[in-house]
Amino acid sequence: MCGFIFLNNISSGGGKPHDLTEVVNELTHRGPDDKQLVLDNSDYLYYFYRLSIMDLSTAGRQPFELNDKRLMCNGEIYNFKALRAFLEEQAYTFVGNSDCEVLIPLFETVGIDAMVKMLDAEFAFVLVDEQNNDVFAARDPFGIRPMFYGFTNETQQICFASEAKGLMNSCHSIQPFPPGHYYANGAFTSYHDVGAVSLMIEAPIDEITTQIRTKLEAAVMKRLEADAPIGYLLSGGLDSSLVCAIAARASDVPIQTFAIGMETDPIDLKYAKEVAAALGTNHTEVIMSKEDVLGALRDVIYHLETWDITTIRASIGMYLVAKHIRETTNLKVLLTGEVSDELFGYKYTDFAPNAAAFQEEAAKRVREIYMYDVLRADRSLAAHSLEARVPFADLDFAQYVMSINPARKLNTYGKGKYLLRKAFAESDLLPESILLREKAAFSDAVGHSMVDYLKAHAEETYSDDVFAERIKKYPENTPFTKESLLYREIFEGFYPGYHHWIKDFWMPNKAWVGEAVNDPSARVLSNYGDSGK
């Protein structure tokens, strides 16, 4: 994980350059190891904030320069060794061992369209061909790495930054860069739609689950490539437990795992402890209090750049555990379990009326997840200079799961995520008690009291009359509870008028679960059952 800001330096009114102090420190949290400011001959400003993970030497410093081209990339190119071998055949000589050093040579060899389609990666980059004054940019298909674009107030030139806050002082019309797209010749082009399926797979269950296991194991293994130390977030649920189990089996030493929970009623902690004991990990429990939760709220919303209830609730625990990791360890990379729910289903997808509806919902969710769970993982960790890696968003793995006959993914087995559970049932990676445990949402499983404290705080902030009046200020994405109003008003204080960065509230499909559901927690669903006990 790193960060960058790319700006056109000169205004239209007399050639006055930007005040560098306005933006130079905005994204330092994303990359505290090194900071580079470069002004090129075309008056483009490159700000790069480095978190050193691959090639810790100065040879990994960005922006990279080659043949009058410059590039800044926040990302990990997991197939960089294969790309490097190919480019060495084309007579390229590399300076260092950074994975991102392959990008300019690859661009020169195959062009932007083929280039982005060749990347097995989580990335966001900006590349400038200074000879032609051409600007290119691209973002990975799931949007694991964040990027925004906007237009300079004076010259209307397009600019890019890893987080929107990096453009707020210089640009207008700031928008999220669409995942799976590249920018070239003044236009955006879609090169990979994670929700699209061209061929549907129907095969025996054993064949499907074997593929799921093989591909997930490969997804985890490729994300263990790093020159900096790696840790793992472990909730004790199925997804994070599988990631940890695969990594632990591949490691010669105990892996470092971390779990967080409320001081009064933690749910995750006891299950994470059970998993950690089974895997023999070096495990740390982090305890948070009511004061920790309420004290972190404004900072969490500032870093997230969202007003969504689900995202904010689930980010508080992740933000606080990341803070602890940053303060007490030398870790720089954390593997997480996001995106599994969207691929395999969650509690509310048990209500899907048929296979076609399940598939349609899954496609919608994976296309939009960059605004929600993926955003949460990146920003909660980036706030504390940590990188999130997301194995379930591996392109080969996700494409395969999206292509499985959706009738196979419906919960007709009496157990959610049956295919994923069965894939590892005979692997001895995890005890059966963990493989079969019911899902609990992270914002619930850190302790039900966390959400209760947030709701009570909102109740204390607004009377019924004040709430009814204040929501009139927001005709779009209108807050519908006092808690959602609280989050929206904090967001608007930081990012006024930019509510459209998020499409909608991340909520269960009300056509399935009923209009009466007015809270994103799975606790309100009729099938919550033993989840979180």
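Panel note: side chain Asp55, backbone Gly96; no donor-acceptor pair is recorded below 3.5 Å. Panel note: side chain Ser170, backbone Leu167; no donor-acceptor pair is recorded below 3.5 Å. Side-chain atoms of Asn79 come within 3.5 Å of backbone N or O of Asp120 as a donor-acceptor pair. In this structure a side-chain-to-backbone donor-acceptor pair under 3.5 Å is missing from Ser449 to Asp452. Side chain of Thr152 to main chain of Asn8: no donor-acceptor pair is present (N/O by atom type, distance under 3.5 Å, no hydrogens or angles). Using a distance-only test at 3.5 Å, with no hydrogens or angles considered, no donor-acceptor pair links the side chain of Lys503 to the main chain of Glu368. Judged purely by atom type and a 3.5 angstrom limit, Asn74 uses its side chain to pair as donor or acceptor with the backbone of Cys2. Side-chain atoms of Asp140 come within 3.5 Å of backbone N or O of Phe123 as a donor-acceptor pair. With hydrogens and angles disregarded, no donor-acceptor distance shorter than 3.5 Å links the side chain of Glu101 to the backbone of Gly60. Remark: side-chain polar atoms of Thr349 are paired, donor with acceptor, to backbone N or O of Tyr346 under 3.5 angstrom.
Annotation: cation-pi geometry satisfied between Arg223 and Tyr78 (NZ/CZ under 6.0 angstrom from ring centroid, within 45° of ring axis).
For the residue pair Asn41 and Glu130, no side-chain donor N or O sits within less than 3.5 Å of a side-chain acceptor on the partner. For the residue pair Ser240 / Ser235, a side-chain donor-acceptor distance below 3.5 Å is found, with atom types taken as modelled. There is a side-chain donor-acceptor pair under 3.5 Å between His499 and Asn477.
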**Message:** For a side chain to side chain donor-acceptor pair (under 3.5 Å) check, start with the C-alpha distance between His29 and Glu163, then their side-chain angles and the critical distance, and finish with the verdict.
**Reply:** CA-CA 11 Å; His29 56 278; Glu163 297 179 14; 3.2 Å; yes
**Prompt:** Asp99 and Arg84: salt bridge (Lys or Arg N to Asp or Glu O under 4.0 Å), yes or no, with the steps?
**Reply:** CA-CA 9 Å; Asp99 54 317; Arg84 183 174 177 132; over 6 Å; no
**Prompt:** Do Asp292 and Ser289 pass the side chain to side chain donor-acceptor pair (under 3.5 Å) test, and can you show the C-alpha distance, the side-chain angles, and the key distance before you say yes or no?
**Reply:** CA-CA 5 Å; Asp292 294 329; Ser289 65; 3.1 Å; yes
**Message:** Working note: Gln156 + His172, criterion side chain to side chain donor-acceptor pair (under 3.5 Å); need CA distance, chi angles, decisive distance, verdict.
**Reply:** CA-CA 9 Å; Gln156 312 307 312; His172 65 88; 2.6 Å; yes
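Side chains of Met54 and Glu225 form a contact here, defined as non-hydrogen atoms less than 4.5 Å apart. Considering only heavy atoms from C-beta on, Ile158 comes within 4.5 Å of Tyr183 through its side chain. In this structure, the side chains of Leu335 and Val220 come closer than 4.5 Å at one or more pairs of heavy atoms. Put simply, the side chain of Asp34 does not reach to within 4.5 Å of the side chain of Leu51, judged on heavy atoms. The side-chain heavy atoms of Asp227 and Ile53, taken from C-beta on, include no pair separated by under 4.5 Å. Counting heavy atoms from C-beta on, the side chains of Met450 and Ile316 come closer than 4.5 Å. Considering only heavy atoms from C-beta on, Leu27 stays 4.5 Å or farther from Phe4 through its side chain. Contact of the Met371 side chain with the Thr306 side chain is not registered, since no non-hydrogen atoms from C-beta on lie closer than 4.5 Å.
Applying the salt bridge (charged side-chain N to carboxylate O under 4.0 Å, His left out) test to Asp113 and every residue at least two apart in sequence or in another chain returns Lys117. For Tyr46, the ring pair (Phe, Tyr, Trp, His ring centres under 6.0 Å) test picks out Phe6, with sequence neighbours left out. With sequence neighbours left out, Asp193 forms a salt bridge (charged side-chain N to carboxylate O under 4.0 Å, His left out) with Arg367. With sequence neighbours left out, Glu469 forms a salt bridge (charged side-chain N to carboxylate O under 4.0 Å, His left out) with Lys472. Residues passing the ring pair (Phe, Tyr, Trp, His ring centres under 6.0 Å) test with Phe148, sequence neighbours excluded: Trp501. Judged as a salt bridge (charged side-chain N to carboxylate O under 4.0 Å, His left out), and not counting sequence neighbours, the contacts of Glu305 are Lys165, Arg379. Among residues two or more places apart in sequence or in another chain, the side-chain hydrogen bond (donor to acceptor under 3.5 Å, both in side chains) test is passed with Asn67 by Glu108. Under the rule for a side-chain contact (heavy atoms from CB on, under 4.5 Å), the partners of His181 that lie at least two apart in sequence or sit in another chain are Phe177, Pro178, Phe188, Ser190. In this structure Ala114 satisfies the side-chain contact (heavy atoms from CB on, under 4.5 Å) test together with Val110, sequence neighbours excluded. For Phe258, the ring pair (Phe, Tyr, Trp, His ring centres under 6.0 Å) test picks out no residue, with sequence neighbours left out.
Taking a cutoff of 4.0 Å between a charged side-chain nitrogen and a carboxylate oxygen, Glu327 and Lys323 qualify as a salt bridge. Looking at Lys69 and Glu65, no side-chain N of the basic residue comes within less than 4.0 Å of a carboxylate O on the acidic one, giving no salt bridge. Between Glu360 and Lys364 there is no salt bridge, since none of the side-chain N atoms of the basic residue sits less than 4.0 Å from a carboxylate O of the acidic one. Contact check on Arg313 versus Glu483 returns a salt bridge, with a Lys/Arg side-chain nitrogen under 4.0 Å from an Asp/Glu carboxylate oxygen.
Minimum interatomic distance between Leu343 and Phe392 (heavy atoms only, all atoms of both residues): CD1-O, 3.4 Å. The shortest non-hydrogen separation linking Thr336 to Ala377 is OG1-CB, 4.5 Å. Among all heavy-atom pairs drawn from Val374 and Ile144, the shortest one is CG1-CA, 3.5 Å.
Remark: aromatic rings of Phe107 and Phe136 are close, center separation under 6.0 Å. The six-membered or imidazole ring of His324 lies away from that of His384, with a centre-to-centre distance of 6.0 Å or more.
Listed by first and then second residue, the ring pair (Phe, Tyr, Trp, His ring centres under 6.0 Å) pairs involving residues 459-490 are Phe480-Phe505 (not counting sequence neighbours). Residue pairs satisfying the salt bridge (charged side-chain N to carboxylate O under 4.0 Å, His left out) criterion with at least one member in residues 329-338, sequence neighbours excluded, are listed as follows: Asp33-Lys332, Glu338-Arg376.
For the side-chain contact (heavy atoms from CB on, under 4.5 Å) criterion with Leu103, the lone passing option out of Leu66, Val116, Leu71 is Leu71.
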